[in-house]
Asker: 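I am attaching a structure below and will ask some questions about it afterwards.
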Amino acid sequence: MNKRISILLGLILSTLIHAQEKGNYLNINLGGGLHNLSYTLQDGTQKGNTGISAGIGFSHFFTRQWGFQTGLGIETFNATSTLNVLEATPAIDSDGDAYIFKSDIRGWKENQSSVYLEIPLTGQFKYTYSDKIGIISTFGAKVAFPINTTYKTTGGEIVTSGYYPQWDAELTDMPQHGFTTIHPTFNGDYSLKALYSAVVELGGIYKLSDKQHLYIGGYLNYGLNNVLSPETKKVYLVDGGYSGVLGTYQTKSIKPFSIGLKLGLYFKL
């Protein structure tokens, strides 16, 4: 009889433990790391810069270990391009003579920044080692929409000239005709498309109270689609217009990714 009572009490205790672990959670988080727009230039180099992520999420655990999460988040992506290329464009001058407009782009640096609004839909797995410590992993996908994408030139120069093949003559240092040295004073906007990403996170949780858990972990978001609509324009135009590096023939694809660390709180509802 005592053995049966012990088994029954064990089952009741196990059920209570499972019930305590199940439920709904609200979480807030802030993270940062390498957040790269990730593209390749035809005549230059690119490097990713640091960015941040922040979000608020809702988690529902339908068993002690398994659940799902959704919510809203903000993530920034940043990159710097360095371009070295000689562009040549056929043109007609004010006298009706044909010539080749040349743009010698030297060490031209441009910073690009993008802000995305994210909606994740992920699964979650939770495992507790003790009453205080556990791990939680998050995996799945998210869709993100660009809400601000800008660029600013920060270094290098563009030297323009006009080559007249009929006379084998090249005109330089004539600002009145558009042949001069251009310095990095441009800024503007880019147009990018919605981003679909794979999401992986792994972190530890520490119980602060019955209702609050501290979370710290690492994350990886990998872009699955090209968010750029490719263009064929030159970087610097005959009329003095500037296209921006990502709005030209220099790059065909952008697939942003980010990797970093995240700190947050889980609140049991």
Side-chain angles (χ1 to χ4, degrees), residues 31-55 57 69-85 87 89 103 105 108-123 138-156 184 186-201 218-237 241-260 262:
L34 175 63
H35 289 222
N36 192 357
L37 277 172
S38 190
Y39 56 85
T40 300
L41 290 179
Q42 181 174 307
D43 297 293
T45 59
Q46 181 262 15
K47 68 174 184 177
N49 295 327
T50 58
I52 62 171
S53 67
Q69 183 183 76
T70 187
L72 286 175
I74 293 288
E75 186 167 14
T76 66
F77 296 95
N78 302 287
T80 298
S81 60
T82 303
L83 193 62
N84 290 280
V85 62
E87 296 183 337
T89 306
S103 301
I105 303 173
W108 189 255
K109 292 186 181 296
E110 181 186 287
N111 294 339
Q112 302 100 25
S113 299
S114 181
V115 181
Y116 272 83
L117 176 68
E118 303 174 328
I119 303 174
L121 183 58
T122 56
T138 303
F139 50 89
K142 62 183 173 182
V143 59
F145 304 95
I147 56 177
N148 188 45
T149 303
T150 61
Y151 68 82
K152 181 179 180 180
T153 56
T154 60
F186 301 101
N187 60 79
D189 300 322
Y190 284 122
S191 178
L192 298 181
K193 297 183 290 187
L195 170 64
Y196 302 92
S197 300
V199 178
V200 178
E201 290 187 24
Y219 63 89
L220 171 65
N221 300 317
Y222 187 82
L224 301 175
N225 66 304
N226 178 16
V227 299
L228 180 69
S229 296
E231 298 281 354
T232 59
K233 293 185 294 185
K234 298 291 179 64
V235 176
Y236 190 76
L237 307 178
Y242 178 74
S243 302
V245 174
L246 300 184
T248 71
Y249 66 95
Q250 280 291 327
T251 186
K252 303 298 182 185
S253 177
I254 298 177
K255 292 185 177 181
F257 81 90
S258 58
I259 184 170
K262 183 179 290 186

Asker: Tell me which one of Thr150, Thr80, Asn187 satisfies side chain to side chain donor-acceptor pair (under 3.5 Å) with Asn111.
Answerer: Thr80

Asker: Over all heavy atoms of both residues, which pair between Glu110 and Gly244 is shortest? Give the atoms and the distance, please.
Answerer: OE1-CA, 3.6 Å

Asker: Over all heavy atoms of both residues, which pair between Asn226 and Ser253 is shortest? Give the atoms and the distance, please.
Answerer: OD1-CA, 3.2 Å

Asker: Given the rule in the side-chain contact (heavy atoms from CB on, under 4.5 Å) test, do Leu34 and Thr50 qualify, once you have shown the distances and angles that lead to the verdict?
Answerer: CA-CA 5 Å; Leu34 175 63; Thr50 58; over 6 Å; no

Asker: Any idea which heavy atoms bring Thr76 and His35 closest together, and the distance?
Answerer: O-ND1, 2.8 Å

Asker: Roughly how far apart are Asn49 CG and Leu37 CG, rounded to 0.5 Å?
Answerer: 9.0 Å

Asker: Going from CZ on Phe145 to CD on Glu118, what distance comes out if it is rounded to the nearest 0.5 angstrom?
Answerer: 11.0 Å

Asker: Side chains of Thr248 and Tyr236: does their closest heavy-atom pair fall under 4.5 Å?
Answerer: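 With C-beta onward as the side chain, the pair stays apart.
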
Asker: So with a 6.0 Å cut-off around OH of Tyr249, is the heavy-atom count from everything else above 12?
Answerer: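 More than 12 within 6.0 Å, yes.
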
Asker: Any side-chain heavy atom of Ser113 sitting closer than 4.5 Å to one from Asn78?
Answerer: yes

Asker: Of Leu192, Asn221, Leu195, Asn36, which meets side-chain contact (heavy atoms from CB on, under 4.5 Å) against Pro256?
Answerer: Leu195

Asker: With side chains defined as the heavy atoms from C-beta onward, is the minimum distance between Asp43 and Gln250 less than 4.5 Å?
Answerer: yes

Asker: Show the nearest heavy-atom pair for residues Tyr39 and Ile254, with the distance to one decimal.
Answerer: CB-CG1, 3.8 Å

Asker: Can you tell me how far the CG atom of Leu228 sits from the NZ atom of Lys252, to the nearest 0.5 Å?
Answerer: 9.0 Å

Asker: Taking atom NZ of Lys47 as the centre, report whether more than 12 heavy atoms of other residues, nucleotides or ligands fall under 6.0 Å from it.
Answerer: no

Asker: To the nearest 0.5 angstrom, please state how far the NZ atom of Lys233 sits from the OG1 atom of Thr89.
Answerer: 13.0 Å

Asker: List the atom of Thr149, the atom of Ser114, and the distance in Å for their closest heavy-atom pair.
Answerer: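 Looks like OG1-OG, 3.1 Å.
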
Asker: Regarding Ser258 and Glu75, do their side chains bring together a donor and an acceptor under 3.5 Å, going by distance alone?
Answerer: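 Yes, because at least one side-chain N or O of Ser258 sits under 3.5 Å from a partner of the opposite role on Glu75.
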
Asker: Looking at every heavy atom in both Pro184 and Thr153, which two are closest together, and how far apart are they?
Answerer: C-OG1, 3.1 Å

Asker: Any heavy-atom pair between the side chains of Ile147 and Ile74 that's under 4.5 Å?
Answerer: yes

Asker: Is a salt bridge present between Glu87 and Lys234, judged by a nitrogen-to-oxygen distance below 4.0 Å?
Answerer: no

Asker: Around Phe139, counting heavy atoms of other residues, nucleotides and ligands shown, do more than 12 lie under 6.0 Å from its CZ?
Answerer: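 Yes.
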
Asker: How are the rings of Phe77 and Tyr116 set relative to one another: parallel (under 30°), tilted (30 to 60°) or perpendicular (over 60°)?
Answerer: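 If you compare the ring of Phe77 with that of Tyr116, the planes turn out perpendicular.
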
Asker: Ring-plane angle category for Phe186 and Trp108, please: parallel below 30°, perpendicular beyond 60°, tilted otherwise.
Answerer: tilted

Asker: Roughly how far apart are Thr45 OG1 and Asn84 CG, rounded to 0.5 Å?
Answerer: 8.0 Å

Asker: Nearest 0.5 angstrom please: Asn225 CG to Lys193 NZ, how far?
Answerer: 7.0 Å

